[in-house]
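Beneath this line is the structure, given in structure tokens, with notes to follow.
Each residue takes its place number in the sequence, starting with 1.
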Amino acid sequence: MTSSHAMNITPLAQLALLFSTLLLPGTQALLAPTTPDAGSALNLTFDPWTRTLTWACDTAAGNVTVTSCTVTSREAGIHRRVSPFGCRCWFRRMMALHHGVTLDVNGTVGGAAAHWRLSFVNEGAAGSGAENLTCEIRAARFLSCAWREGPAAPADVRYSLRVLNSTGHDVARCMADPGDDVITQCIANDLSLLGSEAYLVVTGRSGAGPVRFLDDVVATKALERLDPPRDVTASCNSSHCTVSWAPPSTWASLTARDFQFEVQWQSAEPGSTPRKVLVVEETRLAFPSPAPHGGHKVKVRAGDTRMKHWGEWSPAHPLEAEDTRVPGALLYAVTACAVLLCALALGVTCRRFEVTRRLFPPIPGIRDKVSDDVRVNPETLRKDLLQP
């Protein structure tokens with residue numbers, strides 16, 4: 001049986017792990033330094049956790065001067081040379097060691113050139129160690145690692161995972177207690193100490209003997225799996241459709257140029273071919289409305305242009321043309337408002353005319369006593385007025 005554990009590093013947990021490592025025999029889950037090379041006058045010792053090669057400063061060989069140290073692994077493609085500091089050489093860059101490495105020391109003894117060699121071997125039976133170690137950063141906040149039990153692992157094997165940053169500090173640690181099921185998955189919720197690179201190592205312990213370890217050095221940006229884009233919306237009219245979204249939250253610092261998006265829409269009919277469009281440095285896409293209208297769905301996913309991998313698709317959103325017809329209730333309301341406004345305008349106009357007439361009544365005309373007399377004949381009046 002296998003199980004999964006959550007990884008959280010606290011000062012109390014670190015202290016407990018330290019005591020369990022030091023005091024309990026047969027439960028050591030750390031990589032052990034090599035034993036001093038008795039055949040070498042320098043008594044070389046290599047500590048894989050710190051990547052430090054040390055030797056005895058006072059040797060029987062006499063006046064020894066070390067000029068350089070080299071670590072080599074043909075299987076892992078490692079070949080690095082560093083200069084000594086005191087009686088040690090420190091290989092600054094992290095490296096995978098489960099294939100084993102060869103350490104060479106060059107120097108002089110009494111002025112004559114000399115060379116010493118030490119082999120670091122991954123002890124344990126073949127197939128006893130974990131296999132297929134994979135880690136992912138999910139939801140921009142936790143690290144999930146999983147591996148497979150070795151095909152030749154002992155029945156009582158117990159695996160442990162340790163994650164270190166480039167400075168050698170613990171990011172997370174996961175150990176199985178005696179009697180627990182074999183763990184093959186761990187989750188770390190605190191990534192505050194995780195840097196640009198991480199050293200991952202799965203060690204094993206068994207009462208039957210040594211168990212091989214499995215390690216890897218990874219760029220943390222390559223571990224992140226992007227979530228689907230946020231706030232995806234889709235709308236269409238009679239001619240075009242528009243899809244918009246927001247970039248997903250990320251653990252690594254990404255700019256707009258680091259994102260790329262893929263938009264896919266497809267008809268719900270069986271056997272239909274999806275259409276995809278790549279969008280770079282934009283969070284919006286407009287395209288002609290698919291025909292026939294209705295029955296299409298669209299989804300969006302995000303990718304990192306530098307790592308060349310894609311995140312998960314967003315949920316599918318229906319891609320339907322908007323109804324451009326005016327609802328009957330809205331048309332009735334608009335008509336009623338127009339009639340009401342006309343009635344109000346007419347009422348205001350009539351009342352204004354009445355008020356104006358009261359304030360400014362018409363001026364009465366001047367009455368002509370002669371022409372306005374009904375008893376006077378107008379024709380006779382005109383003749384009388386025309387006579388000289």
Grouping I, L, V, M, F, W and Y whenever their side-chain heavy atoms are under 4.5 Å apart, do F46 and V82 come out in a common cluster?
yes

Hey, does D47 have a side-chain heavy atom less than 4.5 Å from the side chain of T54?
no

Apply side-chain contact (heavy atoms from CB on, under 4.5 Å) to F259 and L226, showing your working.
CA-CA 10 Å; F259 281 108; L226 299 178; 4.3 Å; yes

Straight-line distance of N132 CG to L214 CG, nearest 0.5 Å
8.5 Å

If only atom types and distance count, is the side chain of R230 paired as donor or acceptor with the main-chain N or O of P247 below 3.5 Å?
yes

Calculate, to the nearest 0.5 Å, the distance between atoms CZ and CG belonging to R162 and L164 respectively.
4.5 Å

Treating W49 as the side-chain partner and G168 as the backbone partner, does any N or O pair qualify as donor plus acceptor under 3.5 Å?
no

Give, for atom CG of D304 and atom CZ of R225, the distance between the pair rounded to the nearest 0.5 Å.
10.0 Å

Distance-minimising heavy-atom pair for N237 and S289
O-OG, 3.1 Å

Should the ring pair F120 and F213 be called parallel, tilted or perpendicular, given that the plane angle runs from 0 to 90° and is split at 30 and 60?
tilted

Count the heavy atoms of every other residue, nucleotide or ligand shown that sit under 6.0 Å from CZ of R88, and state whether that count exceeds 12.
no

Decide whether V218 and W147 are clustered together by the hydrophobic rule: side chain heavy atoms of Ile, Leu, Val, Met, Phe, Trp, Tyr closer than 4.5 Å, transitively.
yes

Besides F85, the hydrophobic cluster formed by Ile, Leu, Val, Met, Phe, Trp and Tyr side chains linked at under 4.5 Å, directly or via other members, contains none

Quick one, R275 and F287 - any side-chain contact, counting heavy atoms below 4.5 Å?
no

Which residues pass the ring pair (Phe, Tyr, Trp, His ring centres under 6.0 Å) test with W251, not counting sequence neighbours?
none

N165 side chain to L193 main-chain N or O, any donor-acceptor pair under 3.5 Å?
yes

Taking CZ in R306 as the centre, count heavy atoms belonging to other residues, nucleotides or ligands within less than 6.0 Å. Is the count above 12?
yes

Give yes when the SG atoms of C145 and C186 are nearer than 2.5 Å, otherwise give no.
no

Between T305 and D258 (side chain of the first, backbone of the second, donor and acceptor by atom type, cut-off under 3.5 Å), is there such a pair?
yes

Point-to-point distance, once rounded to the nearest 0.5 Å, from OG1 of T184 to CD of E131
12.5 Å

Sequence neighbours excluded and cut-off under 3.5 Å, please list the side-chain donor-acceptor pairs for residues 91-98, or say none.
unit_1: H98; atom_1: ND1; unit_2: D215; atom_2: O; d: 3.1
unit_1: H98; atom_1: ND1; unit_2: D215; atom_2: OD1; d: 2.6

Flag if over 12 foreign heavy atoms under 6.0 Å of NE2, H309:
yes

I'd like to check D227 versus E312 (side-chain heavy atoms, cut-off strictly below 4.5 Å). Are they in contact?
no

Distance-only polar pair, side chains of T233 and S244, donor-acceptor under 3.5 Å:
yes

Hey, does L103 have a side-chain heavy atom less than 4.5 Å from the side chain of L44?
no

Assess the residue pair Q260 and W310 against the criterion (side-chain contact (heavy atoms from CB on, under 4.5 Å)); give the C-alpha distance rounded to whole Å, side-chain angles, the decisive distance to 0.1 Å, and a yes or no.
CA-CA 9 Å; Q260 61 181 351; W310 291 98; 3.6 Å; yes

Should V300 and V277 be regarded as members of a common hydrophobic cluster, given that ILVMFWY residues are connected when their side-chain heavy atoms come within less than 4.5 Å of each other, either directly or indirectly?
yes

Roughly how far, to the nearest 0.5 Å, is CG of L319 from NZ of K299?
13.5 Å

Step by step, work out the side-chain contact (heavy atoms from CB on, under 4.5 Å) result for W55 and C89.
CA-CA 9 Å; W55 54 87; C89 281; 3.8 Å; yes

Derivation and outcome, side-chain contact (heavy atoms from CB on, under 4.5 Å), residues N122 and H99:
CA-CA 7 Å; N122 190 358; H99 291 293; over 6 Å; no

State whether the number of non-hydrogen atoms from other residues, nucleotides or ligands found under 6.0 Å of R141 atom CZ is greater than 12.
no

What distance do L223 atom CG and L200 atom CG have between them, rounded to the nearest 0.5 Å?
7.0 Å

Is any side-chain heavy atom of L143 less than 4.5 Å from a side-chain heavy atom of C135?
yes

Give a yes or no on whether L53 and V109 share a hydrophobic cluster (residues Ile, Leu, Val, Met, Phe, Trp, Tyr; joining criterion: side-chain heavy atoms under 4.5 Å apart).
yes

Side chain of D156, backbone of G207: donor and acceptor closer than 3.5 Å?
yes

